[in-house]
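These notes are about the structure you will find just below.
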Amino acid sequence: DAGVTQSPTHLIKTRGQHVTLRCSPISGHKSVSWYQQVLGQGPQFIFQYYEKEERGRGNFPDRFSARQFPNYSSELNVNALLLGDSALYLCASSLALASPTGELFFGEGSRLTVL
Amino acid sequence: RKEVEQDPGPFNVPEGATVAFNCTYSNSASQSFFWYRQDCRKEPKLLMSVYSSGNEDGRFTAQLNRASQYISLLIRDSKLSDSATYLCVVNMRQAGTALIFGKGTTLSVSS
């Protein structure tokens, strides 16, 4: 079975541009979360979506937005890119809104470099 | 103060050693607790959940002290394959899963 898939795997942008990252959850999983991992730090929660609705938002500026589609895939959009947005963006899926075991299944991430 | 703080590491140990990682969390309303493992340039994966009664999975033992807001992970008989970054993780929310990760502690096991 396919795990969580993300695209693109790597990308380079310049300051001020925008970027769209895509994620397909594990088949049957209805919740998708996005995390940002800056080098040397742990992942930081950005958004959680469940059944196409935003169910949680981390401490990120409004330049960050996301959505979930009827097939449960998701997009993360970042506008007006800053150098500090350079990071690994991880998508994670789970069956339900809350995961009792704490297990989120992460994709391999999209590595964004902003020049 | 960071919400989840861990020993910075790195921990460099020989095969067969026992190593312990510590973690503290700042919010007493935290709901659930976990250790994730992240290999170099890979995604994090759940290692084990952490319960107040303590729990063990093979060579790995996790402990939680809610009163002290302290979490630990003990690895016995370290293997080369244990080399990775270990992330202490807390979930704040009763509904939903918004994991709060520590910075991680890097373990390097050598032969």
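A, B, ... follow the sequence lines: proteins, then strands. Residue 1 opens every chain.
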Cut-off 4.5 Å, heavy atoms of chain B, and the answer for A:Q44 is neither

Are more than 12 heavy atoms from other residues, nucleotides or ligands located less than 6.0 Å from atom CG of A:D62?
no

Chain B contact via A:Y35 - side chain, backbone, both or neither, heavy atoms under 4.5 Å
side chain

Let me know if A:I46 has heavy atoms under 4.5 Å from chain B in its side chain, its backbone, both or neither.
neither

Looking only at heavy atoms, which two atoms of A:G42 and B:L87 are closest? And how far apart?
CA-CD2, 4.2 Å

Rounded distance (nearest 0.5 Å) linking atom CZ of B:F101 with atom CD of A:Q41:
13.0 Å

Between A:F106 and B:P44, which heavy-atom pair has the shortest distance, and what is it?
CD1-O, 3.4 Å

Using heavy-atom distances under 4.5 Å, tell me whether A:R111 contacts chain B through its side chain, its backbone, both, or neither.
side chain

So with a 6.0 Å cut-off around CG of B:L80, is the heavy-atom count from everything else above 12?
yes

Under 4.5 Å between side-chain heavy atoms, hopping through other hydrophobics if needed: is there a path connecting A:V32 to A:L90?
no

Contact origin within B:F33 toward chain A - heavy atom pairs under 4.5 Å:
neither

Hey, quick one: are B:V50 and B:I75 part of the same hydrophobic cluster, counting side-chain heavy atoms closer than 4.5 Å, chains of contacts allowed?
yes

Any chance CZ of A:R15 has more than 12 other-residue heavy atoms, nucleotides or ligands included, within less than 6.0 Å?
no

Given the options A:G107, A:S94, A:S33, A:G109, which has more heavy-atom pairs under 4.5 Å with chain B than any of the others?
A:G107

In this structure, are over 12 heavy atoms from other groups packed under 6.0 Å from A:K52 atom NZ?
yes

Take atom CD in A:E108; do more than 12 heavy atoms of anything else shown fall under 6.0 Å from it?
no

Region of B:Q6 that comes under 4.5 Å of a non-hydrogen atom in chain A
neither

